[in-house]
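Note that this is a predicted model, so its numbers are computed, not measured.
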Amino acid sequence: MKSKELGRRRFLKNGAALAGLAVGGIRPASGETTGSDKPESRPKDLHEYGERSRFETAVRTPSEAKPYSFYVKQRLTPLQDSVGIITPSALHFFNSHGYEPPDIDPRQHRLMIHGMVDRPTTLTVDEIKRLPSVSRVHFVECAGNSSPSHLKEKTDRGTIQPLHGWTSCSEWTGVPLSLLLKEAGLQKGGSWIVAEGAEEGKHTKSIPIEKAMDDVMVAFGQNGEAVRPEQGYPLRLVVPGWEGINNVKWLRRIKVVDQPYMAKMESTGYPALRPSLKGKALWFNFEMGVKSVITFPSDSHQLAGPGFHEISGLAWSGKGTIRRVEVSTDGGKTWKEAEIQLPVHRIAHTRFRLPWTWNGEETVLQSRASDDQGEVQPTLDDLAKLWGVGQDYWQTTTNIVNHFNPIQAWRITRDGSVHNAML
Ligand SMILES: Nc1nc2c(c(=O)[nH]1)N[C@H]1C(S)=C(S)[C@@H](COP(=O)(O)O)O[C@H]1N2
Ligand SMILES: [Mo]
């Protein structure tokens with residue numbers, strides 16, 4: 001331990017200061033706190049840090065699906081209660097591969113950048129906050145969101161929250177990773193980064209350098225305040241549009257390397273075996289496809305009766321900006337263009353709305369989104385073709401299914417109750 005630390009001191013001493021800042025040369029790049037002088041910032045009265053009304057009840061709930069039971073720490077966003085495009089930080093879904101969010105003292109936390117760079121360095125959170133920053137609205141979506149793998153039983157159709165609630169949207173504030181990498185001096189041949197979290201399991205993800213130098217952020221802000229502990233306090237990667245697993249939380253280390261590391265979760269936890277690939281998986285299947293889901297009415301709602309209802313939902317694409325959402329209120333016979341809430345952010349949840357007068361008869365509601373890259377949300381048939389499977393595959397397979405983005409259908413029965421009719 002001791003000699004390792006000395007070796008690293010020597011190595012970091014040779015690093016030049018990043019962006020002219022005093023760099024924390026010999027401090028450990030660790031997220032662990034000593035726990036001794038933790039500031040306690042409990043508000044003195046209820047108005048200092050506001051609470052929602054005691055009459056509001058929306059909460060994050062865990063998934064009970066068996067294939068995902070190894071994700072002991074996860075809570076899904078109550079999309080059925082969502083309004084607008086921003087997920088309240090307190091309701092942003094979270095997923096951690098088995099560990100509670102670590103309790104990190106930001107004064108102790110360091111981000112180390114090393115590997116194939118000219119000036120390996122460690123930065124404090126304050127040093128990162130002094131650099132030029134950007135704020136952008138982006139969703140995070142787990143690759144497994146909406147997947148039939150989340151069905152508790154094969155007979156279960158799934159409800160919106162455990163099925164689709166693995167996506168949320170926040171305004172993130174942080175420093176472009178490209179700035180940090182340029183300052184550290186990217187070396188020729190550095191073609192991947194490996195990012196590591198500070199929790200006990202040290203979640204690790206390989207990301208190609210092209211993306212790292214494009215729109216990836218090292219975020220310290222979420223919805224106008226610090227990133228929440230569940231979301232990676234004090235620092236996380238935001239990797240717009242890519243599988244959630246890339247957005248490394250409690251970020252403490254970035255190593256520039258010349259190949260992907262095939263870390264545990266990226267090689268075993270997420271790739272989905274596809275019959276159309278002869279039982280193989282796309283190991284690096286990065287971008288999330290275009291998707292939409294009607295959030296009102298959805299399965300936890302009960303329509304009061306026939307008459308006017310505003311259909312409302314969310315659409316998003318990991319590839320670009322939502323251009324269009326069409327809604328069908330007659331089981332797919334006809335489609336109407338929904339109104340889209342402005343401004344529309346790139347790679348962000350986008351709210352759509354359609355006025356609807358329900359005649360009281362049983363019907364099926366569906367939404368279909370398209371983005372500015374020409375991608376259209378597929379039907380279940382389209383997806384089955386892509387995967388090389390039959391219609392019954394989704395309910396019968398024990399393999400993980402991911403990137404599942406077919407048109408979601410909700411059946412309204414004559415009593416006004418809403419049921420999942422996708423599968
Ligand atoms: N350090 C760390 N980062 C992580 C994870 C993790 O387990 N540990 N899970 C990843 C996965 S699989 C997802 S889907 C996203 C979820 O981000 P959120 O919890 O902020 O919604 O975090 C990613 N970043
Ligand atoms: Mo995930």
Side-chain angles (χ1 to χ4, degrees), residues 77 79-80 82 85 138-150 157-158 160 163-169 240-244 272 274 276 282 285-299 311-341 344-354 356 363-389 391 393-394 401-411 420-423:
T77 291
L79 291 177
Q80 67 277 14
S82 70
I85 62 167
H138 287 306
F139 71 81
V140 176
E141 182 180 21
C142 183
N145 189 36
S146 314
S147 162
S149 308
H150 294 304
R157 297 279 73 83
I160 187 169
L163 200 57
H164 298 294
W166 305 66
T167 183
S168 304
C169 186
W242 285 26
E243 291 182 334
R274 293 189 187 184
S276 59
L282 298 169
N285 190 13
F286 298 120
E287 283 174 338
M288 298 307 294
V290 60
K291 191 186 284 186
S292 68
V293 59
I294 293 172
T295 56
F296 184 88
S298 59
D299 54 33
I311 295 173
S312 168
L314 291 168
W316 63 96
S317 167
K319 302 180 183 186
T321 309
I322 290 296
R323 273 291 146 81
R324 190 165 185 227
V325 182
E326 298 151 288
V327 171
S328 173
T329 57
D330 55 12
K333 281 191 226 101
T334 62
W335 294 83
K336 285 198 191 85
E337 187 133 352
E339 188 177 320
I340 285 182
Q341 175 184 311
V344 179
H345 297 272
R346 182 180 162 264
I347 310 187
H349 283 180
T350 302
R351 176 65 57 179
F352 62 88
R353 299 177 170 98
L354 185 83
W356 175 51
T363 191
V364 171
L365 307 181
Q366 288 162 285
S367 61
R368 175 169 68 199
S370 22
D371 68 16
D372 63 347
Q373 304 300 304
E375 289 266 327
V376 183
Q377 187 175 3
T379 61
L380 204 56
D381 272 351
D382 296 337
L383 213 66
K385 269 185 211 124
L386 182 70
W387 281 61
V389 298
Q391 282 284 358
Y393 177 78
W394 315 113
V401 171
N402 62 15
H403 290 257
F404 194 71
N405 65 333
I407 292 171
Q408 167 68 45
W410 299 119
R411 181 183 312 283
N420 194 346
M422 177 164 65
L423 292 176

Is any side-chain heavy atom of Trp356 closer than 4.5 Å to a side-chain heavy atom of Val327?
no
Evaluate the side chain to side chain contact (heavy atoms under 4.5 Å, CB included) criterion for residues Arg368 and Val376: first the C-alpha distance (whole Å), next the side-chain angles of each, then the deciding distance (0.1 Å), finally the verdict.
CA-CA 7 Å; Arg368 175 169 68 199; Val376 183; 4.1 Å; yes
To the nearest 0.5 angstrom, please state how far the OG1 atom of Thr350 sits from the CG atom of Leu314.
8.0 Å
As an exercise, state the distance from NE2 of His164 to CG of Asn420, rounded to the nearest 0.5 Å.
6.0 Å
Does some side-chain heavy atom of Val401 sit less than 4.5 Å from a side-chain heavy atom of Ser147?
yes
Are there over 12 heavy-atom neighbours, none belonging to Glu339, within less than 6.0 Å of that residue's CD?
no
Between His345 and His138, does the side chain to side chain contact (heavy atoms under 4.5 Å, CB included) criterion hold? Intermediate values first, please.
CA-CA 8 Å; His345 297 272; His138 287 306; over 6 Å; no
Measuring from Ile160:CD1 to Thr77:OG1, what's the distance to the nearest 0.5 Å?
11.0 Å
Should Phe139 and Ile85 count as side-chain neighbours, where that means a heavy-atom distance under 4.5 Å?
no
Are side-chain N/O atoms of His403 and Glu287 paired as donor and acceptor at under 3.5 Å?
no
Assess, by modelled atom type and distance only, whether the side chains of Arg351 and Thr295 contain a donor and an acceptor separated by less than 3.5 Å.
yes
Write down the atom of Ile407, the atom of Ser367, and the distance for their closest heavy-atom approach.
CG2-O, 3.4 Å
If you count heavy atoms of other groups shown closer than 6.0 angstrom to CZ of Arg411, is the number above 12?
no
Given Glu141, which partner from the list Trp166, Trp242, Trp316 fulfils the side-chain hydrogen bond (donor to acceptor under 3.5 Å, both in side chains) test?
Trp316
List the atom of Arg323, the atom of Asp372, and the distance in Å for their closest heavy-atom pair.
NH1-CB, 3.5 Å
Is Met288 close to Glu243 at the side-chain level, that is, under 4.5 Å between some pair of heavy atoms?
yes
So, taking the atom named CG in Leu354 and the one named CD1 in Ile340, what distance separates them when rounded to the nearest 0.5 Å?
11.5 Å
For the residue pair Ile311 and Pro297, establish whether any side-chain heavy-atom pair is separated by less than 4.5 Å.
yes
Step by step, work out the side chain to side chain contact (heavy atoms under 4.5 Å, CB included) result for Ser317 and Gln373.
CA-CA 9 Å; Ser317 167; Gln373 304 300 304; 5.9 Å; no
Rounded at 0.5 Å granularity, tell me how far CG in Asn145 sits from CG in Asn402.
11.0 Å
For a 4.5 angstrom cut-off between non-hydrogen side-chain atoms, does Ile294 reach Phe352?
yes
Report yes if the side chains of Val290 and Lys319 come closer than 4.5 Å at any heavy-atom pair, otherwise no.
no
Hey, what's the ring geometry for Tyr393 with Trp387, parallel, tilted or perpendicular (30° and 60° as the breaks)?
tilted
Scanning both residues in full, the closest heavy-atom pair of Val325 with Ala315 reads CG2-CB, 3.7 Å
Please round to the nearest 0.5 Å and tell me the distance separating atom CG of Leu383 and atom CD of Gln377.
10.0 Å
Show the numbers, then the answer: is there a side chain to side chain contact (heavy atoms under 4.5 Å, CB included) between Phe404 and Leu380?
CA-CA 9 Å; Phe404 194 71; Leu380 204 56; 3.7 Å; yes
Note, Ser298 side chain near Leu79 side chain (heavy atom, < 4.5 Å)
no
Scanning both residues in full, the closest heavy-atom pair of Ser328 with Lys333 reads OG-N, 3.9 Å
